[in-house]
Protein chains: 2
Amino acid sequence: MANIKDVARLAGVSPSTVSRVIAGSSRISPETQARVREAMRALNYYPNANARSLVRRKTHAIGVIIARPAEQAFANPFFPEVLRGIGSELRRHGYDLVLSMTAAPDEEQGACMRLLKQRRVDGVILTSSRAHDELLTELAAEQYPFVLIGRAAPGQAVSWVNNDNVAVGEMAVEHLVGRGHRRIAMINGPADLTVSIDREQGFRQAVDRFKLDLPAGYVVEGDFTKDGGYRAMAELLSRPDPPTGVFCADDAMAVGALMALKERGLTRRVAVIGVNDDPLTALLDPPLSTVRIPVFDLGATAARLLLDSLTQGVRGPRQIVLPSQLVVRESTNWVVGGGN
Amino acid sequence: MANIKDVARLAGVSPSTVSRVIAGSSRISPETQARVREAMRALNYYPNANARSLVRRKTHAIGVIIARPAEQAFANPFFPEVLRGIGSELRRHGYDLVLSMTAAPDEEQGACMRLLKQRRVDGVILTSSRAHDELLTELAAEQYPFVLIGRAAPGQAVSWVNNDNVAVGEMAVEHLVGRGHRRIAMINGPADLTVSIDREQGFRQAVDRFKLDLPAGYVVEGDFTKDGGYRAMAELLSRPDPPTGVFCADDAMAVGALMALKERGLTRRVAVIGVNDDPLTALLDPPLSTVRIPVFDLGATAARLLLDSLTQGVRGPRQIVLPSQLVVRESTNWVVGGGN
DNA sequence: GCCCGGATTGCAAACGTTTGCGCTCACCCT
DNA sequence: AGGGTGAGCGCAAACGTTTGCAATCCGGGC
């Protein structure tokens, strides 16, 4: 394959000159530039990225680490959408994207540090909702550019972009209260995920604000799967004081919850709202109300943050919260005691 | 950051020796090996991938090009699943994965060739169902290792892995015929995609085999979206001779078709079967019959093929077809004229 | 006619590895 | 005792770029 020397020879110049033409240096005469470009075209020349990265100490690529433990279960469009968002932003700057999907949480740190220390990438985007303090502090300690999709512990001085999970919980409860509900339960995700923690906090804040009862056991822990939602709803319904409205921390669990209701003919007795706006949930019977999360933008924003610090030299951690949006459909669109 | 010379100095050996220890050469004494490893650990040393790739002329990474034109519309788990499959295979061999998502079809070739010619990757996996003869021939001409997920034109001597789309069409018709249907229509995807072509061929073969009527206009072209399926079904129903069974080339279109039926109260009058087994379609009313495609395996197999030719030096194109599987649910699980 | 300065280009070192070749021993064989 | 052998290791070139510095050339001012 042609290298820079071949181009130089064909154009009758030195490799330095070719390199400068590629870099767009202004100190090269127009005629020479034309000759060099012509030679590059003739030889179908592409600069070797490895050689270039070696001397420049920049790879022009960023790593994306996707943790897929239990979250993988919800086969919703989160994962591809966030990648699309990242990709669209990277393309605009000519950056490449190396993807690392880790199955087990303990692979995460290794994969991440390997990409960086081997100089395969200039920085990383980490998508995960578990609190890996160790990884974050190692990244920060070595001054590696990175941004988290999700959020870090309050103290951590790291960059992240997240959606407003507390508001998500509040909006859901607010909506249900607006429809006349007073007995509202929550089916949450695994307790160690920040999404679960935040959504529950929002839920509880709204419950307090509206002075609702919150009997013990009204917040049950699911696992972000349909079956988990089914079981959780069954548990809630078997109580002496079942709720009339249920906020599920994810659409998959909401779907399971709806199944449980349907089996018991309680579809119009208990309102269900989820989170994520999985496209197909609009077609269920009843169509599922939900809180839509700006997944694409999460990815795009994370990429922009990272590129800013890489190319503009923006220093210091930045944290961005993107708003989510209530989507009302039939599963909650009726009023308690409305005689339906 | 530590480089190989630092390690060498600390261990009291030459860089060559360190390199050989890393490579696992046997000509190094156990004591020296131990000392070198100790030094590497002490310095937290990782070999620079760029320098290594430069001299080795191998990157230990492969590229994955995902074309997302209209296909993006079906936000089904195809895309993440195929990536998971590829990733799981790559990890076992320590290969990295650089991902390139192209929005427009004309970006595809550029992105692909750039990755290869810049020596960012050793080979590529191409997922797409459009017939880009030009790209395939350029790849083949330059002897680049690559495999296609989908299939090439019959003449092309390139490697690919695909599911048995012809059989998919046949299975669907066979199933419907087994339930007593004689008037069977098809809602197909865009005509220029190989998936559409193949599924239609299977459909027609089965129609011939069972000597069914196939009135003009019984095969209508959709676009792999829900709305397209809805319109197509509406068109079929407005005919004087509407079908009793419909084979949709994708679940998204099948979902749209079901909506059209539901609106007209014809759910149990017209059977609908899709393709892909999108998890949520099992929860629709009625649950959707479908043909399940081995998406994860498509990815994993493609990766294995590529790695074989990369690491084992396997020459020559190989073509692999993976079987799909009929999944019967309520949307077709009744007999024509069964008095339901 | 000579010196100066700017524009344009080339030289050579450097980036961090790998690897063919050759060197140095210690040991064994005759 | 001398030469042969092989194990263990180092030297230096090579991979394909970028870039600081120096060289050359040209015109203009004195």
Side-chain angles (χ1 to χ4, degrees), chain A residues 1-40 43-61 94 96 114-122, chain B residues 1-40 43-61 94 96 114-122:
Chain A
M1 201 151 47
N3 63 19
I4 203 174
K5 288 183 192 168
D6 299 326
V7 175
R9 199 171 322 133
L10 182 59
V13 297
S14 73
S16 324
T17 301
V18 176
S19 175
R20 281 189 259 258
V21 170
I22 294 172
S25 164
S26 58
R27 334 266 310 155
I28 304 291
S29 75
E31 309 86 56
T32 309
Q33 289 202 28
R35 246 179 322 132
V36 169
R37 282 187 210 291
E38 178 52 37
M40 294 200 294
L43 295 175
N44 195 9
Y45 168 75
Y46 284 73
N48 182 307
N50 299 301
R52 188 194 284 247
S53 298
L54 186 55
V55 28
R56 279 240 184 115
R57 294 154 165 275
K58 290 270 172 262
T59 62
H60 235 63
D96 279 321
R114 191 181 57 77
L115 284 180
L116 288 163
K117 302 212 130 199
Q118 290 186 342
R119 293 214 163 274
R120 275 205 128 90
V121 300
D122 293 335
Chain B
M1 202 154 43
N3 62 20
I4 203 174
K5 288 183 192 167
D6 300 326
V7 176
R9 198 170 324 131
L10 183 58
V13 297
S14 75
S16 326
T17 301
V18 176
S19 177
R20 282 188 258 259
V21 169
I22 294 170
S25 163
S26 57
R27 334 264 312 153
I28 304 292
S29 76
E31 308 85 58
T32 308
Q33 289 203 27
R35 244 179 323 133
V36 169
R37 282 188 209 290
E38 178 52 36
M40 295 200 295
L43 295 174
N44 196 8
Y45 167 75
Y46 285 71
N48 182 307
N50 299 300
R52 188 195 285 247
S53 298
L54 186 55
V55 30
R56 279 240 185 117
R57 293 152 165 275
K58 290 274 172 253
T59 62
H60 234 64
D96 278 321
R114 190 181 58 76
L115 285 180
L116 287 164
K117 302 211 129 201
Q118 290 187 344
R119 292 212 162 277
R120 275 206 127 91
V121 299
D122 293 334

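Throughout, a chain's letter reflects where its sequence line sits, starting with A, and its residues are numbered from 1.
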When you check the phosphate oxygens OP1 and OP2 of [N], does a side-chain N or O of [X] lie under 4.0 Å from one of them?
X: Asn48(A); N: dG16(D); value: no
X: Arg57(B); N: dG16(D); value: yes
X: Tyr45(A); N: dT17(D); value: yes
X: Thr32(B); N: dC9(D); value: yes

task = Indicate, with a heavy-atom threshold strictly under 4.0 Å, whether Thr17(B) touches base, sugar-phosphate, or nothing.
result = sugar-phosphate

ask   = Looking for any heavy atom pair under 4.0 Å, which part of the strands does Arg27(A) touch: base, sugar-phosphate only, or nothing?
value = base

Rounded to whole angstroms, how far apart are [atom1] on [X] and [atom2] on [N]?
X: Lys117(B); N: dG16(D); atom1: NZ; atom2: P; value: 14 Å
X: Ile28(B); N: dA7(D); atom1: CD1; atom2: C1'; value: 10 Å
X: Tyr46(A); N: dT17(D); atom1: OH; atom2: P; value: 14 Å
X: Lys58(B); N: dT19(C); atom1: NZ; atom2: C1'; value: 16 Å

4.5 Å side-chain heavy-atom contact, [X] and [Y]:
X: Arg114(A); Y: Asp96(B); result: yes
X: Asn50(B); Y: Ser53(B); result: no
X: Arg37(A); Y: Met40(A); result: yes
X: Asn3(B); Y: Asn48(B); result: no
X: Arg119(B); Y: Met1(A); result: yes

query = Does a distance-only test, which skips hydrogens and angles, find a donor-acceptor pair under 3.5 Å between the side chain of Arg20(B) and the base of dG8(D)?
reply = no

Report the nucleotide, chosen from [options], that has the shortest atom-to-atom distance to any side-chain atom of [X].
X: Ala51(B); options: dG16(C), dT18(C), dT17(D); answer: dG16(C)
X: Ser29(B); options: dT8(C), dG8(D), dG16(D); answer: dG8(D)
X: Ser16(A); options: dA12(C), dT18(C), dT8(C); answer: dA12(C)

ask   = Where each residue is assigned the nucleotide of DNA chain D containing its nearest heavy atom, which of Arg56(A) and Gln33(B) is assigned the position nearer the 5′ end?
value = Gln33(B)

